[in-house]
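To keep things clear, I will list the structure first and then write my remarks on it.
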Amino acid sequence: MERREIRQLQGRLIRWFTQNQRPLPWRERYLPYEIWISEIMLQQTRVDTVVPYYLRWMQRFPGVRSVARAGQDDLLKHWEGMGYYSRVLNIHRAAGILMDRHGGELPRNYHDLLELPGIGPYTAAAIRSLAFNLDEPLVDGNVERVFSRLFNMEAPVKSRQSQAYIRSMASDILPSGRARCFNQALMELGATVCTPRKPGCLHCPVAPHCESLRLEIVHRRPVPGIRRKIVPVQVVVGIIEQDGKVFIQKRPSRGLMAGLWEFPGGKIENTETPEEALAREMKEELGLRVQCVRKIASIEHNYTSFRVSLHAYACTADPRDGAPALRCASDARWVDPGDLDNYAFPAANRRLIDIIRKNP
DNA sequence: AAGACGGGGTC
DNA sequence: GACCCAGTCTT
């Protein structure tokens, strides 16, 4: 791209963003703490989903110190339903590091940022460019899509070749001293105009520069990669009732649904009935022999790479077995069903709780 | 380099 | 039902 065209594109993008940006709560002050939290929340998560979580979060945790002092369950409760729960546990760990080593402030050095848990190349660049307005190119999924169309990239957008090209172009067209505005303009364009489907080319400020629009193949960019098949999984959980309370356990702080609470249970193997699987899992996980009382519900829940059928049973534990032994959980409670809202559950469990509440 | 990690919006 | 989102971490 020629110098003159680059300057023209920069001007059009910046002017468009100045006039058309959505008013968002983290665009009011550009404080490093607010940019950090918003960027973590926005990882693989849409703006519309994030806004209410962000507002609640800032109400409860207005700064690094309050995060560092907060309990894990308090933090998780504010994240419940947003997914990728290791993000919030990493925020907690990072807040501790910030208090210990950086005086409770976000550093502006790229490598210092990268050392904080949960901050990778994208988020480090986002904090540097958006909070500190340092000259730092920023490439997210939006920018990848915008560039793949603007420059009519024919290789799969996630390929090594494409990624290298995108990075170099992002660096080339970044106007010095305008990173905060320009980087957001590029992402905002991807989020609101240059969308995955039905892009608004008629209203696009950089349409005159767009090679794939000129060739009328915008709808075929970006070129996708190959994807994996979705695997169906059958899962059973047990609501153990005793003295009017139900048993819940807390998942380990690493791995799937880290730190969230759940009802005990597990995967149904091919040869098993749900009841057999439940009996086996309760014995394995808790050392309990259980009796199914009744079936509560079956819930379908879709994840990125698998589809879960969740079968839920009310059951009672054999009193001879005594208290449950925690073999797979990091904590456990007997709770009043009315208190379940005080704990953070995965979405599929949350839906189950809603059903239990309607049919006590 | 590839897979794990959530949930919801959209067509 | 498939795609995708203001990505990061682990192996």
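Below, read A as the first sequence line, B as the second, and so on, with proteins coming before strands; counting in each chain starts at 1.
You'll find that the side chain of A:Pro121 is closest to C:dT8, out of C:dC5, C:dT8, B:dG7. In the set C:dA6, C:dC4, B:dG6, C:dC4 carries the atom at the smallest distance from any side-chain atom of A:Pro196. You'll find that the side chain of A:Arg46 is closest to C:dC4, out of B:dG6, C:dC4, C:dA6. Picking from C:dC5, C:dA6, B:dG7 the nucleotide with the shortest atom distance to the side chain of A:Glu39 gives C:dA6. Nearest nucleotide to the side chain of A:Met187, out of B:dG6, C:dC3, C:dA6: C:dA6. Considering only the side chain of A:Gln184, C:dA6 comes nearest among B:dG9, C:dA6, B:dG6. Of the candidate nucleotides C:dA6, B:dG6, C:dC9, C:dC9 has the atom nearest to the side chain of A:Asn90.
In terms of position along DNA chain C, the nucleotide closest to A:Arg22 lies nearer the 5' end than the nucleotide closest to the other residue of the pair A:Leu116 and A:Arg22. For A:Arg87 and A:Lys198, each mapped to the nucleotide of DNA chain B holding its nearest heavy atom, the one lying further toward the 5' end belongs to A:Arg87. Taking for each of A:Leu130 and A:Pro117 the nucleotide of DNA chain C with the nearest heavy atom, the 5'-most of the two is the partner of A:Leu130.
Here the C1' atom of nucleotide C:dA6 and the CD atom of A:Glu144 are 11 Å apart, to the nearest Å. Regarding A:Ile40, its CD1 atom lies at a distance of 11 Å from the C1' atom of C:dA6, rounded to whole Å. B:dG7 atom P lies 18 Å from atom CG of A:Leu42, rounded to whole Å. Between the OH atom of A:Tyr84 and the P atom of C:dA6 there is a distance of 13 Å, given to the nearest Å. Regarding A:Tyr122, its OH atom lies at a distance of 13 Å from the C1' atom of C:dT8, rounded to whole Å. Atom-to-atom, NE2 of A:His301 to C1' of B:dC5 comes out at 12 Å; the value is rounded to the nearest Å. In this structure, A:Arg180 atom CZ and C:dA6 atom P are separated by 20 Å, rounded to whole Å. Atom OH of A:Tyr85 is separated from atom P of B:dG8 by 8 Å (rounded to the nearest Å).
Using a 4.0 Å heavy-atom distance criterion, A:Ile119 is classed as a sugar-phosphate-only contact. Counting any heavy atom pair closer than 4.0 Å across all strands shown, A:Trp79 reaches no nucleic acid atom. Using a 4.0 Å heavy-atom criterion, one finds that A:Ala347 contacts the sugar-phosphate atoms exclusively. Heavy atoms of A:Met82 sit under 4.0 angstrom from at least one base atom. A:Gly81 comes within 4.0 angstrom of the backbone, heavy atoms only, and of no base.
Contact check for A:Ile248 versus A:Glu262: no side-chain heavy atoms found under the 4.5 Å cut-off.
For the pair A:Gln43 and C:dA6, the criterion of a side-chain N or O lying under 4.0 Å from OP1 or OP2 is not met. Residue A:Thr123 places at least one side-chain N or O under 4.0 Å from the OP1 or OP2 atom of C:dT8. A sub-4.0 Å separation between OP1 or OP2 of C:dC5 and a side-chain N or O of A:Arg145 is present.
One donor-acceptor pair, N or O on each side, does fall under 3.5 Å between the base of B:dG6 and the side chain of A:Thr45.
Rounded to the nearest Å, the gap between the P atom of B:dC11 and that of C:dA6 is 15 Å. For B:dG3 and C:dC3, the P atoms lie 16 Å apart once the distance is rounded to whole Å. B:dG6 and C:dC4 have their C1' atoms separated by 13 Å, with the value rounded to a whole Å. Comparing the P positions of C:dT8 and B:dG9 gives a spacing of 24 Å, expressed to the nearest Å.
Side-chain contact check for A:Glu269 and A:Gln234: no donor-acceptor pair (N or O, by modelled atom type) lies under 3.5 Å. A donor-acceptor contact closer than 3.5 angstrom is absent between the side chains of A:Arg333 and A:Gln249.
Screening residues 171-212 of chain A for ring pair (Phe, Tyr, Trp, His ring centres under 6.0 Å) gives no qualifying pairs among residues at least two apart or on separate chains.
None of A:Phe61, A:Tyr85, A:Tyr53 except one satisfies the ring pair (Phe, Tyr, Trp, His ring centres under 6.0 Å) rule with A:His78; the exception is A:Phe61.
In the displayed structure, A:Arg60 atom CZ is contacted under 6.0 Å by more than 12 heavy atoms of other residues, nucleotides or ligands. Remark: A:Gln291 CD is loosely packed, at most 12 non-hydrogen atoms of other residues, nucleotides or ligands lying under 6.0 Å away.
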